[in-house]
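Computed from a predicted structure; not experimentally measured.
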Amino acid sequence: MRDHMIDTTLSQLERYYDAAPRAGGARAEDFGPLTLFVQEGAGWPYYARPALGGSGATAADVERVRARQRELKVPEAFEWVAETSPWLRAAAEAAGLHVHEHPLMVLDPAAAALPAHPEVRLLGADDPLLTAAVTVPALAFAAPGTAVGEAGPAELAAATADPEVSARRDRVSGMLASGRTVMAAAARDGVVLCSGQYNPVGDTAEVVGVGTLPSARRRGLALAVTAALVARARARGIRTVFLSAGDEDVARVYARAGFRRVATALIAEPPAA
């Protein structure tokens, strides 16, 4: 039997998952047991997930959503929590999707704060480091894991020249100005080495997009950026801070910041070609 406190936390996260896309400007399309969130205007595309309180989706339900995603030219992605909606995995796999597992972690309210890192600071809407800060996670996620990689300052400089980066920067800048996100970055000699954000809705916030430039890994920067985000969230009265780790190795890093695994986050996508 699951702990009652964990069940309460997972119910809280379900409400967050339903509210956050709406707060971010997405519209919700109803597909019975599933909801498809569609970004209105510029911004990151959203995903489909179980409707709040929904249950019992079939492969046919998943296929209906996928057809709509193809029509909209958005990623055929589904996200949910295994323990909250156990029925969706079989339907997604029957519809031909590949399911990835990620540790779902919540900050222990009693966790001691980590000391501030001298190279980490919060960014404002007009910060000169913002363009690089929104670019680093893309380079990080292109080479997943915790091992030191090849992409470094030269690759970062080249990536920031992409016209799509300017649109991404403008979107994040607007979110920073309106309080819909908070961003922190680690920089050395003016070069952003790691960055991340948290997105608040009420008294709950999800830490997202924490990524380190591959050549700068194994220096504790992701932990330091996460610690800065946690400190700001706590200072602003956020009661529940959570995240999904990329894998077990990454989860061990977050555990050092006081996060504890409570469940498994699942992402379903078409298999790689």
Contact summary for [X] and [Y], nearest pair of heavy atoms:
{"X": "Tyr198", "Y": "Ala233", "result": "OH-CA, 3.5 Å"}
{"X": "Leu213", "Y": "Pro153", "result": "CD2-N, 3.7 Å"}
{"X": "Tyr254", "Y": "Val210", "result": "OH-CB, 3.5 Å"}
{"X": "Trp87", "Y": "Pro33", "result": "CH2-O, 3.9 Å"}
{"X": "Asp247", "Y": "Gly145", "result": "OD2-CA, 4.4 Å"}
{"X": "Leu129", "Y": "Ala187", "result": "CD1-CB, 3.9 Å"}

Worked verdict on Thr240 versus Val106 for side chain to side chain contact (heavy atoms under 4.5 Å, CB included): CA-CA 7 Å; Thr240 301; Val106 173; 4.2 Å; yes
Distance, nearest 0.5 Å, that separates [atom1] of [X] from [atom2] of [Y]:
{"X": "Leu36", "Y": "Phe78", "atom1": "CG", "atom2": "CZ", "value": "8.0 Å"}
{"X": "Gln197", "Y": "Leu229", "atom1": "CD", "atom2": "CG", "value": "8.5 Å"}
{"X": "Leu13", "Y": "Leu104", "atom1": "CG", "atom2": "CG", "value": "6.0 Å"}
{"X": "Arg168", "Y": "Leu130", "atom1": "CZ", "atom2": "CG", "value": "11.0 Å"}
{"X": "Arg121", "Y": "Asp127", "atom1": "CZ", "atom2": "CG", "value": "4.0 Å"}
{"X": "Leu52", "Y": "Glu14", "atom1": "CG", "atom2": "CD", "value": "7.0 Å"}

Which side chain to side chain donor-acceptor pair (under 3.5 Å) pairs, counting each pair once, include a residue from [range], with sequence neighbours left out?
{"range": "residues 150-162", "answer": "none"}
{"range": "residues 58-77", "answer": "Glu29-Arg68, Thr58-Asp61, Arg66-Glu76, Arg68-Glu71, Arg70-Glu76"}
{"range": "residues 202-226", "answer": "Gln12-Thr204"}

Within the side chain of [X], is there an N or O that forms a donor-acceptor pair under 3.5 Å with the backbone of [Y]?
{"X": "Arg260", "Y": "Met105", "result": "no"}
{"X": "Arg169", "Y": "Arg171", "result": "no"}
{"X": "Ser85", "Y": "Ala82", "result": "no"}
{"X": "His98", "Y": "Glu269", "result": "no"}

What do the steps show when you test Glu248 against Arg252 for side chain to side chain contact (heavy atoms under 4.5 Å, CB included), and what is the final call? CA-CA 6 Å; Glu248 297 296 342; Arg252 282 189 281 274; 4.2 Å; yes
Check this for me: Arg261, atom CZ, are more than 12 non-hydrogen atoms of other residues, nucleotides or ligands nearer than 6.0 Å?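 For Arg261, atom CZ is crowded (more than 12 foreign heavy atoms under 6.0 Å).
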Counting only heavy atoms from other residues, nucleotides and ligands, does the tally under 6.0 Å from CD of Glu93 exceed 12? yes
Hydrophobic cluster membership, [X] vs [Y], 4.5 Å side-chain cutoff:
{"X": "Leu122", "Y": "Leu107", "answer": "yes"}
{"X": "Val81", "Y": "Tyr46", "answer": "no"}
{"X": "Trp80", "Y": "Tyr47", "answer": "no"}
{"X": "Val207", "Y": "Leu114", "answer": "no"}
{"X": "Val182", "Y": "Met175", "answer": "no"}

Looking at Leu221, Leu223, Val225, which one forms a side chain to side chain contact (heavy atoms under 4.5 Å, CB included) with His117? Leu221
Would Arg89 and Glu101 count as a side chain to side chain contact (heavy atoms under 4.5 Å, CB included) if you check the C-alpha gap in whole Å, the side-chain angles of each, and the deciding distance to 0.1 Å? CA-CA 11 Å; Arg89 181 166 193 156; Glu101 298 186 358; 2.7 Å; yes
Let me check something: any side-chain donor-acceptor pairs from residues 133-143 under 3.5 Å, sequence neighbours excluded? List them with distances.
| from | atom 1 | to | atom 2 | distance (Å) |
| --- | --- | --- | --- | --- |
| Thr135 | OG1 | Thr131 | O | 2.7 |

Can you name the residues that form a ring pair (Phe, Tyr, Trp, His ring centres under 6.0 Å) with Tyr17, not counting sequence neighbours? Phe242
Check whether any side-chain heavy atom of Asn199 lies under 4.5 Å from a side-chain heavy atom of Tyr16, and answer yes or no.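 Yes; the side chains approach each other to less than 4.5 Å.
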What residues form a side-chain contact (heavy atoms from CB on, under 4.5 Å) with Ala28, not counting sequence neighbours? Arg22, Thr35, Phe37
Give the intermediate values and the outcome of side chain to side chain contact (heavy atoms under 4.5 Å, CB included) for residues Val62 and Leu88. CA-CA 9 Å; Val62 173; Leu88 184 49; 4.1 Å; yes
